[in-house]
Amino acid sequence: MLQSAAQNMTKGKEATLIIRFALPLLAGNLLQQFYNLADTAIVGKKLGDDALAAVGATGSVTYLFYTLCLGLATGAGIMIAQFFGAGMHQRMRTAVWNSSIVTAVFGILISIFSIFLTEPVLRLMQTDSDLMQMAVSYMRISCGGTIAVAAYNWINAVVRALGDSQTPLLFLAIASVLNVGLDLLFVMVLNMGVEGAAIATVISQFIAAASCIVYAFRRMPELSLKREDFRVSGEMISLTLKTGLPIAMQSGLISISMSALQRVTNGFGSKPVMAAYTASMRVEQLIQQPFISLNAAMATFSGQNVGAGETMRAERGLKSGLRISSLLAIVIAVIFWIAGDLIIRCFISGSEAVSIGYFALRTTSLCYIPLGSIHVVRGFLNGAGDTGYAMLNGMTEVICRIGGAFVMTALLGMDYRAIWYTTCVTWFVTGLVGWIRYCRGKWRSKALLPDMQKQMPHDSSLD
């Protein structure tokens, strides 16, 4: 039998397990961001600020389609983690197969619809007419590959649910190198413009997804599906949707709020502001990766422990996660206040855009502690099965971003600074709402398994 890469997180020191699990996730997330950074740097330096602004104008919409897939995969992973923690391995295998069906259908539909919705959505967001053609071309290619994003997020969620955060990293590293090489070939050598950057990313995503799926199923005995596992289960599909759709909708709502903020940015009609926003968002996506990694680690840790009935241990893990995220927030904020202008200059060259981007980094860095708490508490509650909070979280961000931007720009008449002030207010309020949700304790009764545990005894065997 193959030595399994799965890890039971119901035993051992909480902080050590969380850090050990999160580090490969962080490396993988940074590599995934390297896709975006490669696009940004190569497009910005080779094709100019207009091309960079065009790519940036698509960012929040592309993020919407991608995060819908991520949310559904995260929900499947939570369900699988709870089955694994409870020792219900036969049910877990059935859940793996049925969640793959849901993910495939969902990914294909989003790929198709996103291609047709590209131009109307960009016009709705008041994208500059000079940038429209490049933005449409880039977004159609990027969103057309959403099925690859869905597949990779699904297999990533499955192996993470079993405590393995290293397998996805291996193939993402290969895909990252390939992505940079294809970027250089398509954009720098073949002069394919923004379309070349999009094609490079899509090809890399397909390779990462396909290779990770094949390797994971061969390496992990827990994923050795038997003939009886290959059946469509209405119960498992229903549970996948029940768990994943609220998280997908949360991601969608957050993305809608980001799209609204992008629209405010576009409404200033200033290319330096748009370029600075694009660059600052790329940097922000990069620095959020430690928090996102902690989110995923907390979801797996919470899921396995809640599934095993170890709620007090799950709470100790939450406190460890909050301490880690706060320390990271302070370190990153100090770096940005010292060297933020140098970081921004890696992406843009115009002096006005650099000045605006530096202001953006310094301003938002003041709220990184609330940002970290958002991710840690969200991961904990999601893993515990409190998917109702996911919708509350998403609606909070929508209200804060749209409402805050309206008040600051339309009522108070603020300039571009309102964009980043709105972000700070959103993080603070959302973090507070998450903490209140945890303290109220409703998550304790939200585990996905009680009814199933009554119907079926624990199955700790892998045969």
Side-chain angles (χ1 to χ4, degrees), residues 36 40 44 49-50 52-64 67 121-122 124-128 130-131 135 253-288 291 329 332-333 336-337 340-341 343-371 374 394 396-431:
N36 296 330
T40 302
D49 285 355
D50 281 5
L52 180 59
V55 171
T58 72
S60 55
V61 184
T62 304
Y63 176 79
L64 168 62
T67 53
V121 169
L122 288 175
L124 181 64
M125 294 177 61
Q126 296 184 337
T127 303
D128 192 303
D130 293 340
L131 308 176
L253 288 169
I254 292 173
S255 183
I256 288 171
S257 72
M258 294 296 294
S259 298
L261 201 58
Q262 176 79 62
R263 190 176 187 275
V264 171
T265 304
N266 296 346
F268 283 109
S270 169
K271 290 181 181 178
V273 171
M274 293 176 65
Y277 180 78
T278 300
S280 66
M281 286 299 295
R282 296 297 197 198
V283 175
E284 183 182 301
Q285 288 170 2
L286 182 63
I287 62 94
Q288 284 208 49
F291 304 132
I332 296 171
F336 280 1
W337 274 81
D341 58 335
I343 295 171
I344 284 292
R345 289 181 190 278
C346 294
F347 305 101
I348 48 181
S349 53
S351 59
E352 183 179 359
V354 169
S355 176
I356 296 171
Y358 184 31
F359 163 81
L361 294 187
R362 286 184 299 168
T363 300
T364 55
S365 68
L366 297 175
C367 288
Y368 284 167
I369 289 180
L371 173 64
I374 290 171
T396 301
E397 293 214 17
V398 168
I399 292 170
C400 288
R401 280 206 174 90
I402 296 178
F406 174 77
V407 169
M408 292 183 194
T409 57
L411 300 184
L412 300 181
M414 284 189 184
D415 58 12
Y416 63 82
R417 291 175 295 180
I419 299 167
W420 292 283
Y421 289 153
T422 296
T423 297
C424 288
V425 171
T426 300
W427 289 346
F428 181 81
V429 174
T430 306

The single option from T364, L366, I343 that satisfies side-chain contact (heavy atoms from CB on, under 4.5 Å) with F336 is I343

Between M408 and V425, what is the shortest heavy-atom contact and its length? CE-CG2, 4.0 Å

Do C367 and L371 have side-chain heavy atoms sitting under 4.5 Å apart? no

Heavy-atom closest pair (R401 atom, T422 atom, distance to 0.1 Å) is O-CG2, 3.4 Å

Any donor-acceptor N/O pair, S280 side chain to Y277 backbone, under 3.5 Å: yes

What's the separation between atom CD1 in I374 and atom OH in Y368, rounded to the nearest 0.5 Å? 12.5 Å

Return the OG to CZ distance between S355 and F359, rounded to the nearest 0.5 Å. 9.5 Å

Which distance, rounded to the nearest 0.5 Å, do you find between the OG1 of T363 and the CD1 of I419? 11.0 Å

Rounding to 0.5 Å, atoms CD1 (I332) and CD (Q288) come to a distance of 9.5 Å

Option passing side-chain contact (heavy atoms from CB on, under 4.5 Å) with W427 (candidates T423, T430, V429): T423

State the CZ-OG distance between R362 and S365, to the nearest 0.5 angstrom. 9.0 Å

dist I344:CD1 -> L361:CG (nearest 0.5 Å) comes out at 4.0 Å

Given 3.5 Å as the limit, does a donor-acceptor pair link the side chain of Y358 with the main chain of W337, or not? yes

